[in-house]
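Structure first, commentary second.
Numbers restart at 1 for each chain; the letters A, B, ... are given by sequence-line order, proteins then strands.
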2 protein chains.
Amino acid sequence: MADNTGSNSADIFIAKFSSYIDLSEQEQEVIEALTQNSMTVDEGQDIILESEKSSSAYLLQSGWAIRYKVVPDGGRQIISFLLPGDIFGFRESLFDLSDDSVQALTPIIVHRLPAEKIAEICDSFTNLSLALTWARAREHAILAEQIVRLGRRNAYERLGHLLLELLHRLQLVDKAGSSEYYLPLTQEILADTLGLSIVHVNRTLRKLRNDKMIELDPKTRRLRILNKEALSERTGYDQSFLDQLGDPSRSPQEAIGSD
Amino acid sequence: MADNTGSNSADIFIAKFSSYIDLSEQEQEVIEALTQNSMTVDEGQDIILESEKSSSAYLLQSGWAIRYKVVPDGGRQIISFLLPGDIFGFRESLFDLSDDSVQALTPIIVHRLPAEKIAEICDSFTNLSLALTWARAREHAILAEQIVRLGRRNAYERLGHLLLELLHRLQLVDKAGSSEYYLPLTQEILADTLGLSIVHVNRTLRKLRNDKMIELDPKTRRLRILNKEALSERTGYDQSFLDQLGDPSRSPQEAIGSD
DNA sequence: CGACTCTTTGAGAGGAATCAATGAGCGTGG
DNA sequence: CCACGCTCATTGATTCCTCTCAAAGAGTCG
């Protein structure tokens, strides 16, 4: 799935689904058809607003986005990150319940999918319907992990755990090296994700650096995890929770290509 | 728990789905057929174990259960509560990823549904497939709320907010009065749900009592919320998040995603 | 009447928030 | 070209929310 010459924008989705489900030629063509017309959204722009009922689903081709909610006192809680290859909005597109908002963290490219289209496709192609169900299950597992992180871990563990999860998820779509990746998050975003204050995120990040767990240059935004084993151990990160969500037949290492 | 006269064990599920989706006579009969053979699980027993791959889904007829995960240090985080009318295990039944466990908090009655059966039904009955999708969306909204609760609220708000959510969810299945219900939770369960210590839950509960927000008798386990408006205001509880999940006035769009 | 489990209280420790202020990098306009 | 304004990262000082340790009621069960 190298994204060089002759590569297709559908590849990332096909590769992702194929890791779990066998798609027929025809089904792959359907995905290709869906990813022909892309739209871009600027950094900071909302794609789905909390109250607005959207009737589309989206395939995220590139860039990072967040799903978030605002609390009465003005605070914000980030529910989850959306990374390349992720699908979002399909739940809201069915019922009028987009209870949370989605915002681009970087410029992103998405493919919009009208609700009718999804319904149509799911009716005709069993495996695509299954792929959608799988994507939902995956999302659920990620949310459950986020709940554990917030409920039962301290700041140090939360941060380290999140950074490991992101490494892992990015590797599944070839967007990370074996232990480093581009992390386009400000400390404020991290704070709103982990239920911490910005100040405390800053201090905890320093601790991680002092402990030689990570290297992070605020300029380049390049994050390197120096000791995955130690950090996983220290933060209670269980790789298997995402392994299940990737390719069961091959080891995760194989999926890591150059980036 | 089971109502006697002429009422049917399928009623709770039919009523729940009907609040959002119009089921045909035939579809209602399918549900009735599914709820004929029930099994009971004792308090404290696990229904789905973390590692064990279960290939069934379950309809929860009566009683309370929790979905939880254990962390390396021995702690436990409760992901969500399962109340009468809820469905669980259907995600795990499709893929081998039951990443969390389910345990009965009270004696419960469930109806087991083999995975093949689900697939079969979803293929044949569009609305039942839609109902399942709806149940998943509902669950997602509840998890998102839990994330906000853990990430951006203090102990007082977390507790009050949870008690309001439970009141609301129980009302949707006729298991609560206008402002009171049976709460079969120990303070330890509350602590593991809200990411707090038992001691702090105890103190916060007392504060809620002192503030005349609630009445709770540890003996009878009867909870009464004395001032819903004040408590909602104080804890940032937004009733609409669940209203959307049970309000019959909204119409669903098209069918999607058979499984 | 012990052995449990669950609740309740007290005291002290500590993790994380808040308040406050400085520095660094960047784009824009005078 | 440099100053001003903006966002983001950093650090110090102080406060406080929540945890941990400890121990004592209270209800239940055999």
Side-chain angles (χ1 to χ4, degrees), chain A residues 42-44 64 71 73-77 103 105-106 149-162 182-211 214-223 234-235, chain B residues 42-44 64 71 73-78 103 105-107 149-162 182-211 214-223 234-235:
Chain A
D42 287 342
E43 179 181 342
W64 289 45
V71 287
D73 69 17
R76 172 177 64 169
Q77 176 63 46
Q103 184 178 89
L105 278 186
T106 68
R149 200 151 48 203
L150 291 173
R152 281 285 171 250
R153 296 191 220 273
N154 62 27
Y156 192 95
E157 293 162 346
R158 286 183 211 179
L159 246 176
H161 192 276
L162 176 64
Y182 174 67
L183 180 76
L185 307 181
T186 63
Q187 297 184 354
E188 181 176 12
I189 298 281
L190 287 170
D192 285 347
T193 302
L194 301 174
L196 301 168
S197 67
I198 300 179
V199 173
H200 202 55
V201 165
N202 183 286
R203 292 185 168 126
T204 308
L205 234 22
R206 161 168 311 292
K207 254 179 222 144
L208 282 164
R209 274 192 298 249
N210 287 345
D211 288 353
I214 64 169
E215 268 174 20
L216 175 58
D217 181 6
K219 306 292 183 312
T220 68
R221 288 268 142 87
R222 203 80 203 165
L223 174 81
R234 180 79 174 66
T235 64
Chain B
D42 287 343
E43 178 182 343
W64 290 45
V71 287
D73 69 18
R76 172 178 64 169
Q77 176 63 46
I78 292 172
Q103 183 178 91
L105 279 187
T106 68
R149 199 151 49 202
L150 291 173
R152 281 287 171 251
R153 297 191 221 273
N154 62 28
Y156 191 95
E157 293 162 346
R158 285 183 210 178
L159 246 176
H161 192 277
L162 175 64
Y182 174 66
L183 181 77
L185 307 181
T186 64
Q187 297 183 354
E188 181 176 13
I189 299 280
L190 287 170
D192 286 346
T193 303
L194 300 173
L196 300 169
S197 66
I198 302 179
V199 173
H200 202 55
V201 165
N202 182 286
R203 294 189 165 119
T204 307
L205 232 25
R206 179 148 45 73
K207 255 180 218 139
L208 282 163
R209 275 192 297 252
N210 288 343
D211 288 354
I214 64 169
E215 269 174 21
L216 174 59
D217 180 6
K219 305 293 182 313
T220 67
R221 288 269 144 89
R222 204 80 202 166
L223 174 80
R234 180 79 175 67
T235 64

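Looking at the side chain of Lys219(A), the nearest of the listed nucleotides dT10(D), dG25(C), dA17(C) is dG25(C). Each of dC19(D), dC8(D), dG25(C) was ranked by its minimum atom distance to the side chain of Arg221(A); first place goes to dC8(D). Comparing dC6(C), dT8(C), dT18(D) by their nearest atom to the side chain of Glu188(B) picks out dC6(C). Distance from the side chain of Thr186(B) is smallest for dC6(C) among the nucleotides dA16(C), dC6(C), dT20(D). Distances were taken from every side-chain heavy atom of Ser197(A) (C-beta onward) to each of dC19(D), dT7(C), dT18(C); the shortest belongs to dT18(C). Side-chain proximity of Pro218(B) to dC21(D), dT7(C), dA17(C): nearest is dT7(C).
Nucleotide dC16(D) holds its P atom 15 Å from the NE2 atom of His200(B), rounded to whole Å. In this structure, CG of Asp192(B) is placed 11 Å from P of dC19(D), rounded to the nearest angstrom. As rounded to whole Å, 13 Å separates atom C1' of dC21(D) from atom CD1 of Ile198(B). Protein atom CG of Asp73(B) is 13 Å distant from nucleotide atom P of dC19(D), rounded to whole Å. dT9(C) atom P lies 13 Å from atom NZ of Lys207(B), rounded to whole Å. In this structure, Leu190(A) places its CG atom 16 Å from C1' of dA16(C), rounding to the nearest Å. For the pair Leu216(A) CG and dA9(D) P, the interatomic distance rounds to 9 Å; values are reported in whole Å. To the nearest angstrom, P of dC6(C) lies 14 Å from CG of Leu183(B).
Between Gln77(A) and Leu150(A) there is a side-chain heavy-atom pair separated by less than 4.5 Å. The shortest side-chain heavy-atom distance between Leu205(A) and Ile214(A) falls under the 4.5 Å cut-off.
When all heavy atoms are compared, the tightest approach of Tyr156(A) to Leu208(A) is CZ-CD2, 3.6 Å. Minimum heavy-atom separation, Arg153(B) to Val71(A): NH1-CG1, 4.1 Å.
Distances shown here put every side-chain N or O of Arg206(B) at or beyond 4.0 Å from the OP1 or OP2 atom of dG10(C). The side chain of Asn202(A) places an N or O atom within less than 4.0 Å of a non-bridging phosphate oxygen (OP1 or OP2) of dT10(D).
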Determine, step by step, whether Leu159(B) and Arg149(B) satisfy the side-chain contact (heavy atoms from CB on, under 4.5 Å) criterion, reporting the C-alpha distance in whole Å, the side-chain angles of both residues, the deciding distance to 0.1 Å, and the verdict. CA-CA 9 Å; Leu159(B) 246 176; Arg149(B) 199 151 49 202; over 6 Å; no
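The base of dG15(C) lies outside donor-acceptor range of the side chain of Arg203(A), with no N or O pair under 3.5 Å.
Nucleic acid contact class of Gly44(A) (heavy atoms, under 4.0 Å, all strands): none. In this structure, Asn154(A) reaches the sugar-phosphate backbone alone: every heavy-atom distance under 4.0 Å involves primed, P, OP1 or OP2 atoms, never a base. Note on Leu196(A): only backbone sugar-phosphate atoms sit closer than 4.0 angstrom, heavy atoms only; bases stay farther off. At the heavy-atom level, Arg152(A) lies nowhere under 4.0 Å from the strands shown.
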